[in-house]
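One structure is given here, and the rest of the page talks about it.
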Amino acid sequence: MIDPQILRTDPDRLRESQRRRGESVELIDDLIASDVAKREAQTRFDELRNEQKLLGKQIGPLQGALKKADDDAAKAKAQAEVDDLMAQAQTLAEQVKAADAAATAAGETLDALWLQVSNLVNLESPVGGEEDFTVLEEIGTPRDFAAEGFEPRDHLEIGELLGAIDVERGAKVSGSRFFYLTGPGAMLEIALLNLAMQQATAHGLIPMITPTLVLPSAMEGTGFLGQAAENVYRIEQDDMYLVGTSEVPLAGYHADEIIDADQLPLRYAGWSSCFRREAGSYGKDTRGIIRVHQFDKVEMFVYCRPEDAEAEHARLVAWEKEFIDALEIPYRVIDVATGDLGSSAARKFDMEAWIPTQGTYREITSTSNTTEFQARRLKIRMRDENGTRPLATLNGTLCAMPRVIVALLENHQQADGSVVIPMALRPFLGGQEVFTPAS
RNA sequence: GGAGGCAUCGCCUAGUCCGGUCUAUGGCGCCGCACUGCUAAUGCGGUUUGGGUUUAUCGCCCAUCGAGGGUUCAAAUCCCUCUGCCUCCGCCA
């Protein structure tokens, strides 16, 4: 959610953001009307309620007097007064009830509209759709397999040669887009986890293992029940959701809390399985493990002062680069365009790894500055010398297992089907230097 | 899954039986001021959160006693439902 003050003082800022995202601009006018209506209804209720309370305060003492009255004349007089007040109070009570209902309804209408509004985009973000990103940096050089004299195999072929990936049995047991990591594949994931956590803790991030099943409030608060809802698994029987990223439980962790400013920034590295329905991606990336329904991921998550958010975002980018650098994978950094941002992101940078058999770069990490958007929805605030206000949250992938494995296998393969293990990973694989085909 | 207990404004706590004087008590912590060689102690004042009103300050109003309903002129207090935590029993990775 966005600061409602902006709606009243600078609605054009909201309109411009909506326009850049390619989302409804008219929504802002509905919002303004609804905001006015809500405040009017609320004010009416407040005033009636005040009247009611003032009236109610007279009744108590009066009834006390009525009980004490000795002579009949005084008693009758007191009784008449009480009856009169009660009659007034009863009418008022009905009005209060109606005003309360009206205010509540107006509030619900307003809230529902706010849920449709995505975060204000950062004006630096390139405007446009999925293809309109800006390339900020290209790091490393893709290998020239032609010069090396062999045709590169794709990750699935290598994975099968090594006995590391089994998608056939994944499909047998769970359906399409499920896979097993076997033998060296499983060991590789564990090594990657260790490398990622070692790096994260070296930078002071707090390691976390999070729930993967969450309540609707956590899912909605992080902004995944908007346009991304179709990609979320819902457990209907218990009204819970399987998370698509540990961003959700890491953001929900401090929901409804007020954090002392001197504790900030709070930085976490969460390890969890991630579940994605991949609705609307039929036919896309059907081969291998680039796009799957379930995978494991180490995700970084930061709570900080809003004024520090951009600097934190740069830090997350730097840490993501450090990790990919360690794996010796060629990649580029892109500034994602406004139309391709998630609803909660103001700005997003993706790292895309070079995939030799596709001759292109593919996303392996993504980091978003969600400014105060999630914090407002989840009621996470900070307290400093200026009082209490929402803080900023940011998230960034450190290591999404399948895609990193894809990039590793393809980029470090050799003519005989073996795969050289990058130096940084060897300590976590007992010093092993190369994966060799099973037989 | 069964039985019982508990939930109050940072922490602890009074209030709930018997509805109105609750504008929610007191302590701790914290902030400000005073006093004081310094510190400490002491005294005085302040200290939930959200919304509204106000150019702003001061102030005023509304909501908020785990959540949501209900009864009532009036609910922390009475009734119902739900959630969480604790204890015991059963089952179980």
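Naming: A, B, ... by sequence-line order, numbering from 1 per chain.
B/C78 and B/C17 are spaced 4 Å apart, taking the P atom of each and rounding to whole Å. With P as the reference atom, B/C62 and B/U8 are 25 Å apart, rounded to whole Å. With C1' as the reference atom, B/C31 and B/G84 are 33 Å apart, rounded to whole Å. As rounded to the nearest Å, B/C82 and B/G26 have C1' atoms that lie 33 Å from one another. If you take atom C1' in B/G52 and the same atom in B/U64, they sit 15 Å apart, rounded to whole Å. With C1' as the reference atom, B/A24 and B/A75 are 13 Å apart, rounded to whole Å. Rounded to the nearest Å, the gap between the C1' atom of B/A41 and that of B/A34 is 14 Å. Comparing the P positions of B/A3 and B/G20 gives a spacing of 34 Å, expressed to the nearest Å.
The CG-C1' distance, from A/Leu7 to B/G52, rounds to 16 Å in whole Å. Following rounding to the nearest Å, A/Asp35 (CG) and B/G51 (P) show an atom-to-atom distance of 12 Å. Between the C1' atom of B/G50 and the CD atom of A/Gln42 lies a distance of 11 Å, rounded to the nearest Å. Straight-line distance from the NZ atom of A/Lys38 to the P atom of B/G50: 14 Å, rounded to whole Å. One interatomic measurement links the two molecules: NZ of A/Lys53 to C1' of B/C62, which rounds to 7 Å at whole-angstrom precision. Rounded to an integer number of Å, the gap from CD of A/Glu51 to P of B/A74 is 14 Å. Here the P atom of nucleotide B/C31 and the CG atom of A/Asp260 are 11 Å apart, to the nearest Å. Taking atom CZ of residue A/Arg44 and atom P of nucleotide B/U53, one finds them 17 Å apart after rounding to whole Å.
Within a heavy-atom distance below 4.0 Å of RNA chain B, the residues of residues 372-384 of chain A found are A/Arg381, A/Arg383. Of the residues in residues 93-116 of chain A, A/Ala93, A/Lys97 come within less than 4.0 Å of RNA chain B through at least one heavy atom, sorted by number.
When distances are taken from the side chain of A/Arg39 to each of B/C62, B/C73, B/U53, the shortest belongs to B/U53. The side chain of A/Asp46 approaches B/G51 more closely than any other nucleotide in the set B/U49, B/G51, B/A63. Distance from the side chain of A/Met86 is smallest for B/C73 among the nucleotides B/G50, B/C62, B/C73.
Comment: A/Arg13 does not engage A/Glu16 in a salt bridge, judged by the lack of any side-chain N to carboxylate O separation of less than 4.0 angstrom. Ion pair A/Asp285/A/Arg177 not flagged as a salt bridge, since none of the NZ, NE, NH1 or NH2 atoms sits closer than 4.0 Å to an Asp/Glu carboxylate oxygen.
The nucleotide B/C18 finds no pairing partner, because no Watson-Crick or G-U wobble arrangement with both distances shorter than 3.5 Å includes it. As the counterpart of B/A7, B/U83 is assigned, both hydrogen-bonding distances of the Watson-Crick or G-U wobble pattern falling under 3.5 Å. The partner of B/C60 is B/G52, judged by Watson-Crick or G-U wobble contacts that both fall below 3.5 Å. Across all strands shown, the partner of B/C33 is B/G43, judged by Watson-Crick or G-U wobble contacts whose two distances both fall under 3.5 Å. Nucleotide B/C91 forms a pair with no other nucleotide shown, judged by Watson-Crick or G-U wobble geometry with both contacts under 3.5 Å. Base-pair partner of B/A24: not found among the strands shown (Watson-Crick or G-U wobble, both distances under 3.5 Å). Applying the Watson-Crick and G-U wobble criteria (two distances, each under 3.5 Å), B/C78 pairs with B/G70.
Phosphate proximity of B/G52 to A/Arg8: present, with a side-chain N or O under 4.0 Å from OP1 or OP2. One finds a side-chain N or O of A/Gln52 lying less than 4.0 angstrom from the OP1 or OP2 phosphate oxygen of B/A74. Regarding contacts with the backbone of B/C62, a side-chain N or O of A/Asn50 is found under 4.0 angstrom from either OP1 or OP2.
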Just the table, please: protein N/O against nucleotides 76-82 of chain B N/O, every pair under 3.5 Å.
none

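Between A/Thr104 and A/Asp100, some side-chain heavy-atom pair lies under the 4.5 Å cut-off. The closest side-chain heavy-atom distance from A/Glu157 to A/Gln413 is not below 4.5 Å.
A/Asn231 places a side-chain N or O within donor-acceptor distance of the main-chain N or O of A/Glu278, the cut-off being under 3.5 Å. Judged by distance alone, with hydrogens and angles left aside, the side-chain atoms of A/Asp3 form a donor-acceptor pair with the main-chain N or O of A/Gln5 at under 3.5 Å.
Between A/His293 and A/Phe178, the two ring planes are tilted [angle within 30° to 60°]. Taking the six-membered ring where tryptophan is involved, the planes of A/Tyr268 and A/His254 are tilted, since the angle between them lies from 30° to 60°.
No engagement by A/Arg389 is indicated, since no non-hydrogen atom pair under 4.0 Å with the nucleic acid exists.
In this structure, A/Phe224 has its ring center at least 6.0 angstrom away from the ring center of A/Tyr241.
Within a 6.0 Å sphere centred on CD of A/Gln95, other residues, nucleotides and ligands contribute more than 12 heavy atoms. Within a 6.0 Å sphere centred on CZ of A/Arg426, other residues, nucleotides and ligands contribute more than 12 heavy atoms.
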May I have the step-by-step check of salt bridge (Lys or Arg N to Asp or Glu O under 4.0 Å) for A/Arg315 and A/Glu312, ending in yes or no?
-> CA-CA 5 Å; A/Arg315 217 184 301 268; A/Glu312 283 296 320; 3.3 Å; yes
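For A/Gln18 and A/Arg15, the side-chain atoms include no donor-acceptor pair closer than 3.5 Å.
In this structure, CG on A/Asn395 lies 9.0 Å from OG on A/Ser246, to the nearest 0.5 angstrom.
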